[in-house]
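Encoded as structure tokens, the structure appears first; notes follow it.
These numbers come from a predicted model, not from an experiment. Per chain, numbering begins at 1; letters A, B, ... match sequence-line order.
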Amino acid sequence: MRLDFNADPVSLARQLLGWTLTVDGVGGFIVETEAYDVDDAASRSFKGRTARNAAMFGPPGHAYVYLIYGLHWCLNVVCRETGHGAAVLIRALAPTHGLNVMRERRRVAKIELLASGPGRVGQALGIDKRLDGLPLDRPPFELLPPIAAIDVASGPRIGITKAADLPWRFGIAGSPFLSRRLG
DNA sequence: CTTTCGATGATCT
DNA sequence: GATCATCGAAAGG
């Protein structure tokens, strides 16, 4: 099984569900993603390339990391061809690797809250600016294929004001680790 | 269960 | 000075 990072973000967002993502051996399987495309008013790449979003215009299969609301680090997977500015936001994981490390970083008792949201994923995996632009197929990252078939659900994206009607949020149907329920 | 609101800082206008 | 792909706590039903 292989991921096609050259695909469009909607396709990659669906492909990524069920893959296990770890940083320094800490993480879980991807349960929720969001697509951000070229010419997408909700995307940080919409107004063109800047210092902040440069990684989005770099090679597919690399990380794009940014700080939101001054305190949360969010992790994206760059896709399409180099120079396009499309990516998939990792919104939630089902924790499987390094549970103790994540609990220490997050300081929450419930396993459902360890990585169920983009900011929570960032905190649980220790994501920050150092990882911006790094390839996802080499340490500290690791991506492992799904072990079972995935039942995909979709719905509108969250926390955006533009193009908010597009159903570009994807998740594993019925998972208790989704940041919010999905239709 | 729901809604509201403050925290916090880099980036862009 | 405004914006922002969020979170968590607090307040209200």
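- Rounded to whole Å, the distance from CZ on A/Arg52 to C1' on B/dT11 is 5 Å.
- In the set C/dT6, C/dA5, C/dC4, C/dA5 carries the atom at the smallest distance from any side-chain atom of A/Met56.
- B/dC12 atom P lies 14 Å from atom OH of A/Tyr66, rounded to whole Å.
- Geometric assessment of A/Arg44 against the ring of A/Tyr64 yields a negative cation-pi assignment under the 6.0 Å and 45° thresholds.
- Contacts between residues 122-132 of chain A and DNA chain C, defined by a heavy-atom separation below 4.0 Å, involve no residue at all.
- Remark: C1' of C/dC4 and OH of A/Tyr64 are 11 Å apart, rounded to the nearest angstrom.
- We find the OH-CG distance between A/Tyr66 and A/Asn53 to be 11.5 Å, quoted to the nearest 0.5 Å.
- Of the candidates A/Asn6, A/Asp37, A/Asp8, A/Arg80 forms a side chain to side chain donor-acceptor pair (under 3.5 Å) with just one, namely A/Asp37.
- Atom-to-atom, CZ of A/Arg181 to P of B/dC1 comes out at 11 Å; the value is rounded to the nearest Å.
- Here the C1' atom of nucleotide B/dA10 and the CZ atom of A/Arg44 are 9 Å apart, to the nearest Å.
- Annotated stems with DNA chain C as a participant read B:1-7 with C:6-12, B:9-12 with C:1-4, given as range with range, by first number; only runs of 3 or more Watson-Crick or G-U pairs under 3.5 Å qualify.
- Residues A/Thr33 and A/Arg91 bring no donor and acceptor atom of their side chains to less than 3.5 Å of each other.
- Side chains of A/Pro95 and A/Phe177 form a contact here, defined as non-hydrogen atoms less than 4.5 Å apart.
- Side-chain contact between A/Phe57 and A/Ser45: present, with at least one pair of heavy atoms (C-beta onward) separated by less than 4.5 Å.
- You'll find the side chain of A/Met56 reaches within 4.5 Å of the side chain of A/Ser43, heavy atoms only.
- Between A/Leu75 atom CG and C/dT6 atom C1' the separation is 15 Å, expressed in whole Å.
- Put simply, NE2 on A/His97 and CG on A/Leu144 are 6.0 Å apart, with the number rounded to the nearest 0.5 Å.
- With contacts defined as side-chain heavy-atom distances shorter than 4.5 Å, the pair A/Asn76/A/Val65 does not qualify.
- The 5' end of DNA chain C is approached more closely, in terms of each residue's nearest nucleotide, by A/Gly159 than by the other of A/Arg120 and A/Gly159.
- Here C/dA5 presents its P atom at 13 Å from CG of A/Asn53, a figure rounded to the nearest Å.
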Any N/O pairs under 3.5 Å between the protein and nucleotides 2-8 of chain B? List them or say none.
residue: B/dT8; atom: O2; partner: A/Tyr69; partner atom: O; Å: 2.4

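- Against DNA chain C, the stretch residues 33-43 of chain A makes heavy-atom approaches under 4.0 Å through A/Tyr36, A/Ala42, A/Ser43.
- Within residues 83-115 of chain A, the residues having any heavy atom under 4.0 Å from DNA chain C are, by residue number, A/Leu89, A/Arg91, A/Arg106.
- Side-chain N/O atoms of A/Lys162 include one lying less than 4.0 angstrom from OP1 or OP2 on C/dC4.
- Remark: A/Ile150 pairs with A/Leu17, A/Val152, A/Ile172 by the side chain to side chain contact (heavy atoms under 4.5 Å, CB included) rule, at least two apart or across chains.
- In this structure, A/Arg180 places its CZ atom 14 Å from P of B/dC1, rounding to the nearest Å.
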